[in-house]
Protein chains: 2
Amino acid sequence: MKGNTVFKRSYNRALDLLAGREAGAALPSESDLAQALDVSRTTVRAVLAALGEAGIVARAEEDGGPARRRLGRRPGPGDYFPDTQTLSAGAAVERRFMEWILQGDFRAGQLLNAAELARQFGTSTTTIREHLAQFQHFGLLERRPNSAWLFKGLTPEFANEIYDVREMFELRATRSFVELPEESEPWCELLAIEAEHHALLANIDTEYPSFPQLDERLHRVIHETTDNRFIIDFYDIISTIFHYTYQWNKVDEKQRNTTALMEHLDYIEALRSRDQRAIDTRCRKHLRTARATLLRSIADGPFSLDTLPPGAAS
Amino acid sequence: MKGNTVFKRSYNRALDLLAGREAGAALPSESDLAQALDVSRTTVRAVLAALGEAGIVARAEEDGGPARRRLGRRPGPGDYFPDTQTLSAGAAVERRFMEWILQGDFRAGQLLNAAELARQFGTSTTTIREHLAQFQHFGLLERRPNSAWLFKGLTPEFANEIYDVREMFELRATRSFVELPEESEPWCELLAIEAEHHALLANIDTEYPSFPQLDERLHRVIHETTDNRFIIDFYDIISTIFHYTYQWNKVDEKQRNTTALMEHLDYIEALRSRDQRAIDTRCRKHLRTARATLLRSIADGPFSLDTLPPGAAS
DNA sequence: AATCTGTTTTTAATGTAAAAAAAACAGCGC
DNA sequence: GCGCTGTTTTTTTTACATTAAAAACAGATT
């Protein structure tokens, strides 16, 4: 009735924590583990019990005192739960739904029904309903009361609408960003991000796949200085959309990432100059490129799981 | 297991439709009624059956032919279901939740739990969960996974954040609005709205309570010209927030509405001049007033259901 | 007193079931 | 063939049940 994904995820993370220790070493207290794994002590106890079953932790029965736990054997790769089982039912629905969209399994204007999706995704209608509501927020679905859901499509209109708002919000965010003092936390983060840009460019041939994570950090640190929940929420939407499109659209990836890195450096330079005019120019230029990339992805879609050979783009 | 609010609402609306007819008149076909009431024929049939029970429609048993329905007696006020029963469980939760917020039953930072709310609101946790998610979208709630909901409060910060975004969006919307030709649908609507402003001002002493509906029409027609789902969605949030605050904050209502009407007329004049500079000035001025009104309401809160006597404001 | 573990109580996540509403199907009269 | 009503099938809405996880409680040891 309720999945135990929290348990499985915690179990795997506990194995990671224990991997570095010698056999026979005493374990941290339940409370400390709970804090380290970011779950309740109840879950920690379930994990420890399972680790006991697996022979990974043993209990030293000291007379009188509380039974301290010790590491029985080093955990191996076979001890882990498969990753597929560590996603909550809800998160799994989100992921699979996004995959279906990107692979073109739904057409724009198509009506989706919850019962059918529940069957296809192997969950209950309750879970489906709860999480389809999220995509309504994304502007990808529209709910028809007492009827089906309308898939509005990952269309060029969608890309343009999301980018029109993004541009307004990001330009506004630069205003609050440049007002912060040099020593403030976001500025330190900006400098760190800039350094990582140089490091990534130096090894672009092998490291280019780590660009998205850097992109996320840069734009997020800027957006978060607004302290405006609506702007930050909206960036969460953008972030999710990108997370998935980045994963599916592999065409020209290295070239695209290199261009974006250079534009980022120009943008960062403008921010450091605190010259509003320059900031607007560089920000707009970068967002224009990013918008074109998304539009291109959509036009080329449906996306493919296979990485196409270089030069295969239309 | 499922409320029959659609049935009750349709029943009441059917009574309205029938009220104007003579006893003995033939009824429209089931399909026509379904279309008129905007529900399925299944519901229409249930309504007709209930109307039959109540003696409001009678079936003329014509030999051979299909049994035509006729109006048995004119419906009276006692035939209606009470309005409280015509809201879907979900809509009822939204309404009650908003009432609780406005009356100060929740404090900012308070943790809410679904089970408790379900008990208080008299519904199931399923319904509560589904609809609390909406308020997350509003920025009023934050969901803690595997834990409670955090009420973030109808605070001055909330008002300022929502108005900062509103200002960006509405100014942007005026850009698309002024690009439309004079004969376009939104412009016709604008002229109609302007005329209604004058009409309302002429009878302000008695008509001022109908201002909110006019306010909604004006701002919505402007926002909708953007054709941007994110901007329009955001206006839906604003609209809901206002719908409830208008209902609860009755202090100085006539004066506030009069001021807003005058500002609207200035704003409309600027739009008609299509002078972007003037539009920005008037729009900003009006939104500044509206923001101050909301801030004042929040500062004075919790709101009261009683209309305070004139001059009782702090 | 603080910290640890064992136990009990609550609450959230999620599947299941039942009723209401929608949609599809079928026959009839014109 | 078209529109109408009667019937059957699907699907949505909503309550409820069950399990995982969190939180509160309680002794025991240092």
Side-chain angles (χ1 to χ4, degrees), chain A residues 1-10 27-34 38-49 59 62 64-69 88-93 111-119 122-132 143-149, chain B residues 1-10 28-34 38-49 59 62 64-69 88-90 92-93 111-119 122-132 143-149:
Chain A
M1 315 297 160
K2 179 183 178 179
N4 55 351
T5 58
V6 175
F7 164 76
K8 287 177 178 165
R9 198 163 42 244
S10 303
L27 293 187
S29 78
E30 291 176 359
S31 315
D32 288 346
L33 276 172
D38 195 34
V39 290
S40 74
R41 202 160 66 77
T42 306
T43 302
V44 167
R45 294 183 109 250
V47 167
L48 288 170
R59 310 201 59 155
E62 291 159 23
R68 288 293 295 172
R69 292 184 178 87
S88 76
V93 166
L111 289 172
L112 309 176
N113 77 56
E116 176 72 11
L117 285 175
R119 225 171 300 141
T123 51
S124 70
T125 53
T126 310
T127 307
I128 291 285
R129 281 170 61 82
E130 184 140 337
H131 288 267
L132 286 195
R143 185 182 205 155
R144 301 289 173 89
N146 283 316
S147 175
W149 297 78
Chain B
M1 311 299 160
K2 179 183 179 181
N4 54 351
T5 58
V6 176
F7 164 76
K8 287 178 177 164
R9 197 164 42 242
S10 304
S29 77
E30 291 176 359
S31 314
D32 288 346
L33 275 171
D38 195 33
V39 291
S40 73
R41 203 161 63 80
T42 306
T43 303
V44 167
R45 286 173 64 82
V47 166
L48 288 171
R59 310 202 61 154
E62 291 160 27
R68 289 295 295 174
R69 294 186 178 84
S88 76
V93 166
L111 288 172
L112 309 176
N113 78 56
E116 175 72 13
L117 286 175
R119 221 171 304 141
T123 52
S124 70
T125 53
T126 311
T127 306
I128 292 286
R129 282 169 59 83
E130 182 141 336
H131 288 268
L132 285 195
R143 184 184 206 154
R144 302 287 173 91
N146 282 314
S147 177
W149 297 79

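- The nucleotide whose nearest atom lies closest to any side-chain atom of A:Arg59 is, among C:dG6, D:dA15, D:dT11, C:dG6.
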Could you list the donor-acceptor pairs under 3.5 angstrom formed by side chains in residues 41-49 of chain A, with sequence neighbours left out?
from, atom 1, to, atom 2, distance (Å)
A:Arg41, NH1, A:Glu30, OE1, 2.6
A:Arg45, NE, A:Glu30, OE1, 3.3
A:Arg45, NE, A:Glu30, OE2, 3.4

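- In this structure, B:Phe7 places its CZ atom 16 Å from C1' of C:dA22, rounding to the nearest Å.
- Residues A:Ala118 and A:Ser124 share a closest heavy-atom pair of CB-C, 3.9 Å.
- Comparing B:Ser29 and B:Ala89 by the nucleotide of DNA chain D whose heavy atom lies nearest to each, the residue mapping closer to the 5' end is B:Ser29.
- A sub-4.0 Å separation between OP1 or OP2 of C:dG15 and a side-chain N or O of A:Thr127 is present.
- Note on B:Asn113: a side-chain N or O is less than 4.0 Å away from OP1 or OP2 of C:dT11.
- Here A:Ser147 pairs with A:Arg144 under the side-chain contact (heavy atoms from CB on, under 4.5 Å) rule; sequence neighbours left out.
- The phosphate of D:dC4 has neither OP1 nor OP2 within less than 4.0 Å of any side-chain N or O from B:Arg69.
- Nearest-nucleotide assignment on DNA chain D puts the 5′-proximal partner with B:Gly90, out of B:Ser147 and B:Gly90.
- For A:Ser88, the side-chain atoms get nearest to C:dT14 when compared with the rest of C:dT14, C:dT5, D:dC4.
- The base of D:dA23 lies close enough to the side chain of A:Thr42 for a donor and an acceptor atom to sit less than 3.5 Å apart.
- Summarising the local packing, CG of A:Asp32 is surrounded by more than 12 heavy atoms from other residues, nucleotides or ligands at distances under 6.0 Å.
- We find that CZ of B:Arg119 is positioned 13 Å from P of D:dC16, with the value rounded to whole Å.
- When each of D:dG6, D:dT11, C:dT5 is scored by its nearest atom to the side-chain atoms of B:Glu30, the top-ranked nucleotide is D:dG6.
- Taking only side-chain atoms of B:Met1, from C-beta outward, the nucleotide of C:dG15, D:dT14, C:dA23 with the closest atom is D:dT14.
- Comparing A:Pro28 and A:Glu130 by the nucleotide of DNA chain C that holds the closest heavy atom to each, the one mapping nearer the 5' end is A:Pro28.
- Residue B:Asp38 contributes atom CG, which lies 14 Å from atom P of C:dA21 at whole-angstrom precision.
- For A:Thr43, whose side chain is taken as the heavy atoms from C-beta onward, the closest listed nucleotide among C:dA21, D:dA22, C:dT14 is D:dA22.
- Of the side-chain N and O atoms in B:Ser40, one or more sit less than 4.0 angstrom from OP1 or OP2 of C:dA22.
- In this model, a side-chain donor or acceptor of B:Thr126 finds a partner on the base of D:dC16 within 3.5 Å.
- Residue A:Arg9 is out of contact with every strand shown, counting any heavy-atom pair closer than 4.0 Å.
- Put simply, the side chain of B:Arg129 does not reach to within 4.5 Å of the side chain of A:Arg129, judged on heavy atoms.
- Distances were taken from every side-chain heavy atom of A:Lys2 (C-beta onward) to each of D:dC4, C:dA13, D:dT7; the shortest belongs to C:dA13.
- At whole-Å resolution of the value, CZ in A:Arg129 and C1' in D:dT14 are 8 Å apart.
- Taking only side-chain atoms of B:Asp32, from C-beta outward, the nucleotide of D:dT11, D:dG6, D:dC4 with the closest atom is D:dC4.
- Within the nucleic acid shown, B:Arg144 has no heavy atom closer than 4.0 Å to any nucleic acid atom.
- Looking at every heavy atom in both residues, A:Leu111 comes nearest to A:Ala148 through CB-CB, 4.2 Å.
- Of all nucleotides listed (D:dG6, C:dG6, D:dT11), D:dG6 comes nearest to the side chain of B:Arg41.
- Of the listed nucleotides (D:dG6, C:dT14, C:dT11), C:dT14 has the atom at the smallest distance from the side chain of A:Ser124.
- Not one side-chain nitrogen or oxygen of A:Arg45 sits closer than 4.0 Å to the OP1 or OP2 atom of C:dC4.
- Comparing A:Thr123 and B:Ala148, the nucleotide of DNA chain C nearest to each residue sits closer to the 5' end for B:Ala148.
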